[in-house]
Structures are given as structure tokens and as C-alpha cells.
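See below for the structure under consideration.
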Amino acid sequence: MNSPSRAPLPPGFSAIWGCVALDLVGFGIVLPILPLYAERFGASPMTVGALVASFSIAQLLFAPLWGRLSDRVGRKPVLILSLVGTAVGSLLTGLAGSLVLLFAGRVVDGISGASVSVAQAAVADVAAPEERARLLGLLGAAFGLGFVAGPAIGGLAALAGPEVPFLIAAAIAAINAVVALRRLPETHPPAARRPDPARPGSAVPAPSPARTRAPVFLAVSFLSLVGFSAFEATFALFGEDRLGLELSSAGGVFAGIGVVLVLVQMRLVRPTVARLGEAATVRLGLLVNGGGLLLLAAADSWWLLVPALVALCAGQGLVTPTLASLVAGRTEAHRRGGALGLQQAAGGLARVIGPLAGGAAFQHIGVPAPYAIGAALMVTAALLVHGAGGTDRDAVVTLR
């Protein structure tokens, strides 16, 4: 079977992609050095954990609100406001003279962290249905590239002073906001912000089975990310226990995982979706993830570790953009930002619970426990997708 011809990128996609990539570069600059920076103010390890969590909690609470706001006023003003908030939050962090201001900077940055779900909604606005998963995969690759470039820039900038990386992150966000003001298109015009009675599911509630799929997809996002983030949080401990990996080796493995995730999202998402459909691709990715976690639970050598990590990269690379496409494609245009904001919130909650649960299972049950439990969560999520009856011919879901 020949692979389908690749359509050109829709107008405006490159500007959205660049906006997100630069935003994630700034985030990647800040995150790795924040714990050491906080120690300058006498922060204990628990306080550092609370500082990192404050960003995620603020983002968790506000992502759905920003998504719904973008449905009402358009994607462009919300993205620009998000970038301005990121600039202010990073500037507060860099100029902070106390822990209180440090927390304020992280909370402001977290509150303004709307770029992910709103950018996904903007891409879904301009994408043809058959290209939506591919374009969201390319957007996911921007996240990966940002996380690769950000820490490298932050490490070099820190040589000039501990506050310099945060000031550079603020400058990047501010410049990004100005560029977005000029170049970013509005993908959600006023006509699309209201229900259209001519479109199925706009004036009349969608059939009950279709409407129930929206919370199912949110549950799938939550369960799959709990399992995957538990793996991320405990892998360094696992590598040290099973294979004697040192910190630098574990960091190298994670860098490799990031690169492979980017390649999967850029190269494999579109042909897989074209062949199987979105729902089946999500199920396949979840089951491959589960298989990788089971292999990891049994791994005591590189012969098992490498295929386990490859399976995890392939599975997660397929699941992340395709699940977002599944949510976007089954939500009316005037509710799409809110739906993707809820999905981002579900993922944010999972990234709080997953590491805590994974660490507890690793410590109190045993080394393989986080991965065996994670595999069970992946299978459960795959069964939920199957039980929802999701196919590419589904009716559009109206979120209430």
C-alpha cells in the first residue's frame, strides 16, 4: 500500500508552530535550573517541589478557562496574552528577591500557560480532517525541539549569572508576543464562534452515545499520562537499581527518548492514521505503550531495555497528537478550545498524580511496580477507547 501524498501546510500553520516552539524553548530554559535557583533563597527540597508544582497547579486550573475564552474571542488574542504572561512570570522569577516573589513568578507563568491547548485548537481550525493528526504531530515535535534547545541555552546562560536564563526566557516570550501580534493569523473568526444551526450537533444536542465520548477521551488522556509520567519520574531510579546507570547516562537516555518521540510524531502519525483511522491509532499506541512498560518491568539488561524504550516512544508518539485530534475532531468549532483545554487539564492532573503514585509504588511495592501498574492503565485506556465506539465516521460531540 503506497503512503498517501503529503498535503502542503495550511496558511498560518508555520506561524503557530514557531510561536509554540519559541514558547517551549523558554520553558525549557527555566525548568532544569529552577531548583538550584530557588536554593539561593534558602528553599528546602520540599519547597522546591512546591515551587515546581505551583506552575502545574495554576496551569491545571486555568487551561480550560483560556480554552473557553479562545472559543469566544479568538485564538490569537489568547495566545498573545499567554506569551505576555510568560514574559512577566519569567521576569518576576529572574528579578525575585524572595521566595514569595519566586512563587508569584511561577504562578503567573502557570496561569498564562495557555499556549498548548489554544495552539492545538488553532491548528485544528485550519487543518483538513485527514491532515489534523499529522499537523498536531508536527506541533508536538515543536514541543520536543523546544525541550531539547531550551536546557542547552539555559545552561550556557547560567554561566553569566543565575538570573540570566530567566531574563532570556522573558525576552524570548516578549519578542514572541510581538512577532505573533504581526504574523499570527486568527484561525477562529467571529462566524465560527457561534453555533451554526445548519451543522449537525450545533442547534440540536448530539445523540447520547456521541456525547458520552467526550469524558471518555478525557479519562483516556488522564490514565495514559499517569502511566507514562510515573515511568518518567522513576526511570532514573530504575536505571540505577537494575543497570547501574549514573545521572549523566539517565539524562542521555531521556534526550534520546525526546528525539525519537519527535521523529515518531513527524513521520509515523500520518501514515498510521491514514491506514487505521484515529481511534484505532490511539488504541494501537496505548497497547504498544503497555507492552513497553511490561518489558521495562522485566528488563535487567540493555537487550530488554532498548526495545522497551522504543515501544514507549512509538506508543506515546502515536497517542499524544492523535488523541488531541480525536478530541478536536469530535467537538464543534465553537467549543473546541474549551475541549482541548479540559484535555490539557486532565493531562496536568495526571502529571501531578503519576509521579507521586509511581514513586510510592517504586518505594513500597517494588522496582517493577510502577511499570506493571502503568501497563494495566494503558490497557484500561485502550478498552475505554474501544468501548466508546470511536471511529472516524463518528458524529461530532458537543461538550456541555
Side-chain angles (χ1 to χ4, degrees), residues 6-29 63 66-90 109 112-150 153 168-193 262 265-267 269-270 320-321 324-325 327-329 333-334 336-341 343-344:
R6 180 166 297 178
L9 296 175
F13 176 80
S14 297
I16 299 168
W17 191 94
C19 175
V20 170
L22 281 177
D23 195 23
L24 270 293
V25 166
F27 184 75
I29 288 173
W66 291 126
R68 288 185 180 274
L69 183 63
S70 79
D71 288 333
R72 295 186 179 185
V73 305
R75 316 294 185 210
K76 181 174 180 175
V78 176
L79 280 171
I80 292 172
L81 182 62
S82 169
L83 294 171
V84 171
T86 297
V88 172
S90 297
D109 202 359
S112 63
S115 63
V116 175
S117 59
V118 178
Q120 287 177 330
V123 169
D125 291 337
V126 300
E130 66 275 10
E131 288 291 311
R132 189 173 51 236
R134 171 203 166 206
L135 294 178
L136 287 171
L138 292 176
L139 194 67
F143 303 161
L145 293 174
F147 274 109
V148 170
I153 295 172
I168 289 178
I172 289 174
I175 293 169
N176 202 6
V178 173
V179 173
L181 188 64
R182 295 174 59 87
R183 294 190 59 228
L184 198 66
E186 178 52 73
T187 64
H188 193 55
R193 299 171 198 168
V262 168
Q265 291 179 327
M266 291 181 67
R267 297 294 183 182
V269 170
R270 185 174 188 268
T320 302
S325 180
V327 171
H334 67 284
R336 187 173 287 147
L340 289 167
Q343 188 193 26
Q344 184 182 353

**Request:** Measure from the side-chain N and O atoms of Ser90 to the backbone N and O of Ala87, and report whether any donor-acceptor pair falls under 3.5 Å.
**Result:** no

**Asked** Is a donor on one side and an acceptor on the other found under 3.5 Å between the side chain of Lys76 and the backbone of Leu181?
**Response** yes

**Prompt:** Can any side-chain N or O of Arg336 pair as donor or acceptor with the backbone N or O of Ala121 at less than 3.5 Å?
**Reply:** no

**Message:** Show the nearest heavy-atom pair for residues Ser112 and Trp66, with the distance to one decimal.
**Reply:** CA-NE1, 4.2 Å

**Message:** If I take atom CZ from residue Arg183 and atom SG from residue Cys19, how far apart are they, to the nearest 0.5 angstrom?
**Reply:** 10.0 Å

**Request:** Locate the shortest heavy-atom distance separating Val84 from Ala177; write the atom from each residue and the value.
**Result:** CG2-CB, 4.0 Å

**Message:** Which residue is it: Thr86, Leu79, Ile172? I am looking for the one with a side chain to side chain contact (heavy atoms under 4.5 Å, CB included) to Asp23.
**Reply:** Thr86

**Prompt:** With respect to Val118, which candidate in Val78, Asp71, Leu340 satisfies the side chain to side chain contact (heavy atoms under 4.5 Å, CB included) definition?
**Reply:** Val78

**Complete:** Here the gap from Gln120 atom CD to Ile16 atom CD1, rounded to the nearest 0.5 Å, amounts to 11.5 Å

**Asked** Roughly how far, to the nearest 0.5 Å, is CG of Leu139 from CE of Met266?
**Response** 12.0 Å

**Prompt:** Thr320: what forms a side-chain contact (heavy atoms from CB on, under 4.5 Å) with it, not counting sequence neighbours?
**Reply:** Gln265, Gln316

**Request:** Can you measure from OG (Ser70) to NE2 (His188) and round to the nearest 0.5 angstrom?
**Result:** 6.5 Å

**Item:** Nearest non-hydrogen partners of Leu83 and Ala173, listed with the distance
**Value:** O-CB, 3.6 Å

**Complete:** On a heavy-atom basis, the closest approach of Ala133 and Ser325 is N-OG, 3.5 Å

**Message:** Minimum heavy-atom separation for Ala328 and Arg132, please, with both atom names.
**Reply:** CB-CD, 4.2 Å

**Prompt:** Do the side chain of Gln344 and the main chain of Ala63 share a donor and acceptor less than 3.5 angstrom apart?
**Reply:** no

**Prompt:** Could you go step by step and tell me if Ile175 and Leu22 meet the side-chain contact (heavy atoms from CB on, under 4.5 Å) rule?
**Reply:** CA-CA 10 Å; Ile175 293 169; Leu22 281 177; over 6 Å; no

**Message:** Taking the side chain as everything from C-beta on, heavy atoms only, tell me whether Pro10 gets closer than 4.5 Å to Leu135.
**Reply:** yes

**Item:** Heavy-atom check, side chain of Phe13 versus side chain of Leu138, under 4.5 Å
**Value:** yes

**Item:** Arg270 with Glu130: basic N within carboxylate O range, under 4.0 Å
**Value:** no

**Prompt:** Heavy-atom distance under 4.5 Å between the side chains of Val73 and Glu186, does that happen here?
**Reply:** no

**Request:** Could you tell me which non-hydrogen atom of Val20 sits nearest to which non-hydrogen atom of Ala119, and how far apart they are?
**Result:** CG2-CB, 3.4 Å

**Prompt:** How many angstroms lie between CG in Leu184 and OG in Ser14, if you round to the nearest 0.5 Å?
**Reply:** 11.5 Å

